[in-house]
Each structure stands twice: as structure tokens, then as C-alpha cells.
Amino acid sequence: DVKVTQSSRYLVKRTGEKVFLECVQDMDHENMFWYRQDPGLGLRLIYFSYDVKMKEKGDIPEGYSVSREKKERFSLILESASTNQTSMYLCASSSPGINTGELFFGEGSRLTVL
Amino acid sequence: KNQVEQSPQSLIILEGKNCTLQCNYTVSPFSNLRWYKQDTGRGPVSLTIMTFSENTKSNGRYTATLDADTKQSSLHITASQLSDSASYICVVYQAGTALIFGKGTTLSVSS
């Protein structure tokens with residue numbers, strides 16, 4: 001069964017802390033994505049990656065960075081968390097034919113920044 | 001502007017009843033459209049994909065339609081069950097460019 005695993009389901013952090021959200025997929029997919037989901041706004045793309053060591057900005061990259069050192073792992077980093085980054089974060093992967101292929105999502109990481 | 005609009009924003013129906021969710025898009029050039037189901041606190045899961053040449057596709061009690069001329073899609077749920085309570089997200093692929101997400105419809109099925 002295909003699987004995208006996000007390291008933490010729930011996190012509570014303080015303003016200014018550095019936050020790491022990790023995502024691992026076992027489907028050998030080239031493409032990986034990070035979205036945030038907020039009520040009334042839907043899913044918004046933060047960053048994506050087509051290959052190891054490669055990253056592209058999405059629609060809302062400000063305040064975030066990413067790392068992809070291995071094909072199966074894609075990490076989202078909040079260098080200095082702020083309260084407006086309180087959200088549900090969803091990682092996804094897909095096979096090439098990036099936007100024609102199905103997105104496989106993780107269970108999500110709900111981050112609260114106090 | 002490339003947009004995907006879903007309606008209604010939320011919907012409450014009784015168990016056993018049918019319902020239809022709407023997705024209108026202005027995305028061009030169009031490649032395909034997917035419907036995802038997202039249970040509360042979980043990640044979205046694909047229900048079905050509609051390509052330009054397809055009008056209707058069924059997946060169990062879920063039936064999706066696509067009218068490429070009017071740029072409209074619908075998701076019809078037959079004989080609803082409590083487990084159908086979820087958010088349903090319409091996603092359109094703008095050929096060669098990007099995935100455009102709708103904001104979703106939240107469906108609540110009550111007994």
C-alpha cells in the first residue's frame with residue numbers, strides 16, 4: 001500500500017522557534033510537494049521538488065525553506081515560526097507527468113505557533 | 001485568471017439522500033480534473049480523474065461528470081452514508097503549468 005508519512009501529526013511551538021516538518025514517501029516518486037491548508041483558503045502550494053537537491057517556490061514560499069537530500073524525503077523548515085504560520089501542513093508526492101499524476105497525501109501536520 | 005470555484009461551500013443532508021457538488025473552472029488550457037475526498041484530520045485521497053474526452057465516470061456511489069464546453073464538473077453521491085461526511089476538493093490541471101485547487105465543499109451527512 002502506497003504511503004506518505006509525515007513525522008508529526010501535532011506540534012506546538014513558540015514564536016521564533018525553528019520548526020522542521022519531515023515527510024517520507026515509499027513509492028519512489030520523483031515529485032514531492034508541501035501545502036498548507038487553512039479554513040476558507042483551501043490548499044496553497046509552498047514549495048515543490050522534481051528531483052533530489054532540486055526545489056521550486058510555490059505560491060506562498062515566504063517564511064519557509066525546504067530540503068531534499070534523498071529522493072524519498074522532503075523536509076519543510078520554518079526558520080523562525082510566527083503565529084500566522086499556524087496551520088495544517090500537507091505533504092504530497094506524485095510520479096512524473098507531475099500534474100497529470102495523482103497526488104498522494106500524507107495525514108497532515110497540524111502546527112500551532114504560540 | 002485561472003480559477004476553480006466550488007459550490008456549495010457546505011452542505012448538510014440526511015443519510016440515504018443523494019447530493020450533487022459543483023465545480024466550475026476558468027483554467028486554460030485544460031488537461032484534466034480530479035475530485036479528492038478529505039476526511040476530517042486526514043490527507044485528501046483521489047476519487048476520480050476526468051479528462052477532456054470523458055463525460056461521466058463512476059466510482060461506486062460517486063459519479064463525476066464533465067462538460068468541457070461549459071467548463072463545469074459535478075460530483076454526484078448516491079444513497080449517502082455517514083462515512084461520506086468529508087470535504088470534497090476539485091483540482092484542475094492547467095496543461096504544462098500547474099494544479100489549480102478549489103476551496104472545497106464540506107459535506108455533513110446526518111442520521
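The sequence lines fix the lettering, A, B, ..., with proteins before strands; numbering per chain opens at 1.
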*Sorted by number, residues from residues 101-111 of chain B in contact with chain A (heavy atoms, under 4.5 Å)*: B:Phe101, B:Lys103
Below 4.5 Å from any heavy atom of chain B, which atoms of [X] appear? Answer side chain, backbone, both or neither.
X: A:Gln6; result: neither
X: A:Arg9; result: side chain
X: A:Leu90; result: side chain

For the student: nearest non-hydrogen atoms of [X] and [Y], plus distance:
X: B:Asn2; Y: B:Ile100; result: O-CG2, 4.0 Å
X: B:Met50; Y: B:Lys57; result: SD-CB, 3.6 Å
X: B:Ala98; Y: B:Tyr93; result: O-CD1, 3.4 Å
X: A:Ser94; Y: A:Phe33; result: OG-CE1, 3.6 Å

*Select one option (side chain, backbone, both, neither) describing which atoms of B:Gln38 are under 4.5 Å from chain A's heavy atoms.*
side chain
*When you check the gap from the basic side-chain N to the acidic O, do B:Asp39 and B:Lys37 get nearer than 4.0 Å?*
yes
Heavy-atom donor-acceptor pair, [X] side chain to [Y] backbone, under 3.5 Å:
X: A:Thr83; Y: A:Leu114; value: no
X: B:Thr63; Y: B:His76; value: no
X: B:Gln6; Y: B:Leu21; value: no

